[in-house]
Amino acid sequence: MTERVWHKASYSSGSGSCVEVSEGTETLVRDTQNRELGHLGFETKEWSALLNTLKK
């Protein structure tokens, strides 16, 4: 199993309340301050649809 690479989401503000994203065959999203609570997973098409909606 390959280690996931996480990065701070570009939509996160500098307030310390941010999320991290790991992109791959499935996009994973987690709370930076509560990493131990797990993550949400999105299929590529779902993640793309969310980002396209946010850009509007």
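Given the structure is predicted, the values throughout are model-derived calculations rather than measurements.
- For Thr27 (side chain) and Glu23 (main-chain N/O), no donor-acceptor pair under 3.5 Å exists by modelled atom type.
- Heavy-atom minimum distance, Ser22 versus Val5: OG-O, 3.0 Å.
- Atoms CG and NZ, from Leu50 and Lys45 in turn, are 14.5 Å apart once rounded to the nearest 0.5 Å.
- One finds the CG atom of Asp31 at 13.5 Å from the NE2 atom of His39 (value rounded to the nearest 0.5 Å).
- The pair Glu20-Arg30 meets the salt-bridge criterion, with a side-chain N (NZ, NE, NH1 or NH2) lying under 4.0 Å from an Asp/Glu carboxylate O.
- Cluster annotation: Phe42 is connected to Val19 through the hydrophobic network of ILVMFWY side chains, with a link wherever side-chain heavy atoms come within less than 4.5 Å.
- Side-chain atoms of Trp47 and Val29, non-hydrogen and from C-beta on, do get closer than 4.5 Å to each other.
- Residues Val21 and Leu54 share a single hydrophobic cluster, defined by chaining ILVMFWY side chains whose heavy atoms lie under 4.5 Å apart.
- Here the straight-line distance linking atom CG of Leu28 with atom CG of Leu40 works out to 9.0 Å at 0.5 Å rounding.
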